[in-house]
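Whatever order the structure lists ligands and atoms in, that order sets their numbers, starting from 1. When a residue number appears, it is its place in the shown sequence, counting from 1. Values reported hereafter were calculated over all heavy atoms of this structure, with side chains retained and with hydrogens, waters and symmetry mates removed.
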Amino acid sequence: MNASSDPEACKVSAALVQEIRARIERSDGFLPFDAYMEAALYEPGLGYYCNGLVPFGEQGDFITAPESGSLFARCLANCIASVLGQLGQGVVLELGAGSGVLAADLLNALQVLDTLPEHYCILERSPAMRALQRQTLRDRAPAFVDRVSWLDRLPESPVSGVLFGNEVADALPVRRFRWNPDGVRELGVALDSDSLCECERPADLELEAHVRQLARAYQWQGDYQSEYCAALPDWIRSLSDSLERGLLLMMDYGYGRGEYYHPQRSMGTLICHYRHTASADPFRSPGLQDITAFVDFTAIAEAADDAGMQLQGYTSQAQFLLACGIDRLMEAAGADGDTVRFLRLSNEAKRLMLPGEMGERFKATGFSRGLDQAVTGFTAQDLRSRL
Ligand SMILES: C[S@@+](CC[C@H](N)C(=O)[O-])C[C@H]1O[C@@H](n2cnc3c(N)ncnc32)[C@H](O)[C@@H]1O
């Protein structure tokens with residue numbers, strides 16, 4: 001079923017479905033879910049992040065923290081400045097920069113703090129997103145566009161500075177599975193006449209071992225369905241390997257493993273977004289809706305630890321922003337007498353901080369290498385016992 005009434009969008013989705021159909025046929029009628037998610041999000045020219053239809057903001061499908069205003073970026077700038085200050089100099093490398101609004105607002109905020117990085121690099125896998133980022137930077141931070149460069153891959157020689165990603169880990173394709181005491185099945189996509197539909201097959205050895213271990217550890221009973229991101233540990237290790245000194249910072253919605261695979265979360269965390277409406281159906285309008293899963297922050301911590309990094313902290317977004325001085329920014333805005341601006345900022349702060357909004361579901365975690373002092377952002381609350 002196609003959710004859009006825009007003929008161009010429908011054409012894109014239809015072409016993507018045709019491509020996916022061909023892949024299902026080539027793979028004997030079963031496409032593993034992670035391969036489907038990869039195509040639905042990143043198929044060149046057709047996938048959700050690659051087809052040039054803008055997913056962000058009021059007109060798009062969802063609003064990320066930096067899309068709701070500049071408060072998030074101004075807080076994050078305090079964290080980044082605390083690292084660049086210790087290093088003397090360094091680069092900032094943003095992963096998956098979306099519309100580019102966070103890059104633009106961060107550069108403006110770092111200028112105010114007198115801590116502009118030598119280079120601001122963006123590693124973004126979608127060419128359509130890169131083009132949007134260039135335009136946003138030209139519009140919102142014209143003075144700093146020359147400092148920004150786009151990388152095709154991680155730097156070959158490790159850099160010193162800050163590597164960070166906001167809502168990127170949740171956009172990595174996941175494997176889906178169904179468990180019950182009789183065994184483990186992998187979920188994937190098949191064809192039902194001409195339509196895409198869910199199907200399952202016995203899990204391979206790797207998936208089976210991984211899921212059985214989770215089932216034992218968290219004492220699942222009855223039927224349990226969830227997902228896991230097989231690519232996450234290698235991704236984190238490669239990011240860690242790219243950092244000589246500095247901070248690796250990941251912000252996203254997610255849980256420590258015990259909460260993620262809690263026996264009561266027996267339907268997993270996969271969720272789709274189309275025009276600000278959430279659904280559980282990943283086969284609706286392929287290419288026109290976001291598909292995402294919550295992040296296992298324990299997997300991030302294990303991989304960073306394996307790579308020899310030191311955990312700086314794991315905390316909720318609300319407590320991260322507090323430790324980065326969101327209260328002081330609000331106080332200053334209240335004192336400058338512009339009531340309309342203050343009300344706008346208050347709404348933004350509520351959205352970022354309230355437990356029912358982004359405050360608790362979203363987390364921040366940081367790992368350092370070669371830093372002597374603590375990093376701003378992790379002093380208000382320490383949730384590492386949940387990892
Ligand atoms: C949900 S958006 C978040 C955008 C932005 N960080 C924000 O907070 O508004 C995910 C972004 O990450 C990009 N992306 C996904 N996987 C990536 C990867 N492995 N490396 C670099 N970029 C990636 C997507 O193309 C998209 O721009």
Side-chain angles (χ1 to χ4, degrees), residues 34 37-73 75-76 92-106 120-137 140 149-155 162-174 229-239 242 248-254 271-274 276 278 287 289-295 300 303 317 320-321 348 351-352 358 361-364:
D34 54 346
M37 185 167 164
E38 169 72 26
L41 298 183
Y42 304 112
E43 185 66 22
L46 299 174
Y48 181 72
Y49 284 113
C50 298
N51 59 25
L53 303 166
V54 178
F56 304 104
E58 298 293 346
Q59 307 302 316
D61 303 307
F62 55 87
I63 297 181
T64 61
E67 293 289 334
S68 60
S70 61
L71 256 184
F72 181 81
C75 292
L76 183 54
V92 174
L93 197 171
E94 181 177 358
L95 305 153
S99 71
V101 78
L102 180 54
D105 290 353
L106 260 178
Y120 192 104
C121 306
I122 294 179
L123 181 60
E124 166 59 61
R125 67 176 295 190
S126 156
M129 288 293 141
R130 286 185 187 206
L132 180 61
Q133 289 153 16
R134 266 197 197 94
Q135 190 54 52
T136 305
L137 279 152
R140 284 174 85 111
S149 49
W150 279 263
L151 309 179
D152 293 322
R153 62 190 71 83
L154 284 167
V162 178
L163 260 71
F164 79 95
N166 184 61
E167 287 201 39
V168 185
D170 70 74
L172 302 178
V174 290
C229 183
L232 184 63
D234 280 349
W235 186 62
I236 293 293
R237 274 191 287 272
S238 68
L239 299 176
S242 300
L248 171 63
L249 178 68
M250 286 287 145
M251 286 158 295
D252 222 311
Y253 33 87
I271 188 158
C272 309
H273 293 104
Y274 178 75
H276 302 280
Q289 68 165 353
D290 188 25
I291 306 174
T292 169
F294 278 47
V295 173
I300 294 185
Q317 175 170 295
F320 176 79
L321 295 176
E348 209 181 308
R351 186 189 176 83
L352 296 172
M358 304 176 99
R361 222 169 357 118
F362 286 70
K363 311 289 191 313

Residue and atom name of the nearest protein heavy atom (relative to atom 15 (C) of ligand 1), distance in Å to one decimal: Tyr42 OH, 3.0 Å
Residues Asp61, Gln289; criterion side-chain contact (heavy atoms from CB on, under 4.5 Å); working and verdict: CA-CA 7 Å; Asp61 303 307; Gln289 68 165 353; over 6 Å; no
Any Leu123 heavy atom less than 4.0 Å to ligand 1: yes
Chi angles and distances behind the side-chain contact (heavy atoms from CB on, under 4.5 Å) call for Tyr120, Leu137: CA-CA 12 Å; Tyr120 192 104; Leu137 279 152; over 6 Å; no
Protein heavy atom at shortest distance from atom 17 (C) of ligand 1: Arg125 CD, 3.6 Å
Nearest-contact summary for atom 10 (C) of ligand 1 - protein heavy atom, Å: Glu167 O, 3.4 Å
Residue pair His276, Ile63: steps toward the side-chain contact (heavy atoms from CB on, under 4.5 Å) verdict: CA-CA 8 Å; His276 302 280; Ile63 297 181; 3.6 Å; yes
Region of Pro66 that comes within reach of ligand 1 [heavy atoms, distance under 4.0 Å]: side chain
Close side-chain approach of Asp252 and Ile300, heavy atoms under 4.5 Å: no
Sub-3.5 Å N/O-N/O distance, Phe56 and ligand 1: no
Within-cut-off N or O pair, Glu124 and ligand 1, under 3.5 Å: yes
N/O donor-acceptor pair under 3.5 Å between Arg140 side chain and Val101 backbone: no
Mutual orientation of the aromatic rings belonging to Phe294 and Tyr253 [parallel < 30°, tilted 30-60°, perpendicular > 60°]: tilted
Backbone or side-chain N or O of Thr64 under 3.5 Å from ligand 1 N or O: yes
Any N or O of Asn166 closer than 3.5 Å to N or O of ligand 1: yes
CG-CD distance between Asp105 and Glu67, expressed to the nearest 0.5 angstrom: 9.5 Å
Sub-4.0 Å atoms of ligand 1 with respect to non-hydrogen atoms of Gly98: 4 (C), 5 (C), 27 (O)
Between CG on residue Leu172 and SG on residue Cys229, distance to nearest 0.5 Å: 4.5 Å
Atom indices of ligand 1 within 4.0 angstrom of Met129 heavy atoms, with elements: 27 (O)
Nearest-neighbour protein heavy atom for atom 11 (C) of ligand 1, which is reported as residue plus atom name and distance: Gly96 O, 3.7 Å
